[in-house]
Amino acid sequence: MITYKNIDDYIKSFSPDVQTVLQKIRQTIHKAEPNATETISYGLATFDLNKKHLVHFGAFKEHIGFYPTPSGTAKFVEQLKPYVTSKGSARFPLTKPVPYDLIAQITKFRAAEVTKK
C-alpha cells in the first residue's frame, strides 16, 4: 500500500481528470464543514472533526468511493439508491456525474453527528 503524506499527494497520484473530481469533492467537503481538518487514514483522503473521522473518499479504477460511516449511508439510503452502497460506503461511478450536493448534505449530517457526541 502506498503511503501518502497528505491529501495533495494522494490526489496528485491520479490522472488529471480524476484529480479534478477529487479536488471538487475536497472543496465540497470543506464548504460543507469549514472546521474539518484533512488527513490520510486507511490510505484514503479523510476529513476529521473534533478528533473523529467525518468522511473519507478515494478514487478507484471505475468509481469514487465515499465513506461517511454506517450512520451516513443509513440516513441517506433513499438518495443513495442509484449507487452501489454497503454499510458505511457508496460508490459513485466515474462515468456519471458525481453527486456533489449529496456529498455536502451527508458531510453536514456527519458534522452535526460528530459535534453532538
Side-chain angles (χ1 to χ4, degrees):
M1 182 201 254
I2 299 171
T3 304
Y4 301 99
K5 294 178 190 172
N6 53 44
I7 291 179
D8 285 326
D9 284 350
Y10 179 79
I11 290 173
K12 287 178 190 173
S13 72
F14 294 95
S15 65
D17 56 327
V18 174
Q19 286 181 33
T20 300
V21 173
L22 294 174
Q23 285 290 10
K24 185 149 185 193
I25 292 171
R26 182 188 203 182
Q27 293 166 356
T28 299
I29 294 167
H30 269 301
K31 188 175 178 184
E33 181 43 64
N35 294 316
T37 58
E38 296 184 351
T39 191
I40 297 291
S41 186
Y42 306 107
L44 297 167
T46 302
F47 281 81
D48 290 342
L49 185 65
N50 294 348
K51 299 182 182 179
K52 297 193 184 289
H53 293 317
L54 190 61
V55 295
H56 310 270
F57 65 94
F60 297 89
K61 186 177 180 181
E62 297 180 3
H63 71 276
I64 297 294
F66 183 64
Y67 307 91
T69 74
S71 62
T73 53
K75 175 72 176 174
F76 292 87
V77 69
E78 288 299 314
Q79 295 93 322
L80 290 167
K81 276 190 176 179
Y83 308 101
V84 174
T85 60
S86 62
K87 185 177 180 181
S89 71
R91 291 183 179 189
F92 305 132
L94 287 169
T95 56
K96 296 183 179 178
V98 175
Y100 298 107
D101 289 343
L102 181 56
I103 289 171
Q105 290 173 26
I106 294 171
T107 300
K108 288 176 184 178
F109 167 78
R110 286 287 300 131
E113 192 173 49
V114 166
T115 56
K116 195 169 27 171
K117 291 183 179 178

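Values in this document were obtained by computation on a predicted structure and should not be read as measured data.
Closest of all the heavy-atom pairs between Q19 and F14 is NE2-O, 2.6 Å. Heavy-atom minimum distance, G58 versus Y10: CA-OH, 3.0 Å. Contact detail for A32 and A104: the closest heavy-atom pair is CB-O, 3.7 Å. The two residues L44 and H56 come nearest to each other via the heavy atoms CD1-CB, 4.0 Å. Y83 and P97 make their closest contact through OH-O, 4.5 Å (heavy atoms, listed as atom of the first residue, atom of the second, distance). For the residue pair T73 and G88, the shortest heavy atom distance occurs at OG1-N, 3.2 Å.
To the nearest 0.5 Å, atoms CZ (F66) and CD1 (I29) are separated by 5.0 Å. Separation of atoms NE2 (H30) and OG1 (T107) is listed at 11.0 Å; rounding is to 0.5 Å. Here CZ of R91 is found 13.5 Å from CG of L80. Values are rounded to the nearest 0.5 Å. Between N35 atom CG and N50 atom CG the span is 8.5 Å, to the nearest 0.5 Å. Here the straight-line distance linking atom OG1 of T37 with atom CD1 of I7 works out to 9.0 Å at 0.5 Å rounding. Going from atom CD1 of I40 over to atom CG of D8 covers 9.0 Å, rounded to the nearest 0.5 Å.
When the ring-ring contact (aromatic ring centres under 6.0 Å, His included) test is applied to F57, no partner is found at least two apart in sequence or on another chain. The side-chain hydrogen bond (donor to acceptor under 3.5 Å, both in side chains) test applied to D101 returns no partner, not counting sequence neighbours.
Using a distance-only test at 3.5 Å, with no hydrogens or angles considered, no donor-acceptor pair links the side chain of D48 to the main chain of K51. For the pair T20 (side chain) and P16 (backbone), a donor-acceptor distance under 3.5 Å is present.
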Query raised in the report: Checking side chain to side chain contact (heavy atoms under 4.5 Å, CB included) for the pair Y67/H53: CA distance, chi angles, key distance, verdict?
Result: CA-CA 10 Å; Y67 307 91; H53 293 317; over 6 Å; no

Query raised in the report: What's the verdict on side chain to side chain contact (heavy atoms under 4.5 Å, CB included) for F92 and K96, showing C-alpha distance, side-chain angles and the deciding distance?
Result: CA-CA 8 Å; F92 305 132; K96 296 183 179 178; over 6 Å; no

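There is a side-chain donor-acceptor pair under 3.5 Å between T69 and S71.
Taking the charged nitrogens against the carboxylate oxygens, K81 and E78 do have a contact shorter than 4.0 Å, which makes a salt bridge. Between R110 and E33, none of the side-chain N atoms (NZ, or NE/NH1/NH2) sits under 4.0 Å from a carboxylate O, so this pair counts as no salt bridge.
Looking at E62 and L94, their side chains never come closer than 4.5 Å, going by heavy atoms from C-beta outward. In this structure the side chain of Q23 reaches within 4.5 angstrom of the side chain of I11, judged on heavy atoms.
Annotation: R26, atom CZ; neighbour count of heavy atoms from other residues, nucleotides and ligands within 6.0 Å is above 12.
Note: the hydrophobic cluster containing I25 also contains F60 (ILVMFWY, side chain heavy atoms under 4.5 Å, direct or indirect links).
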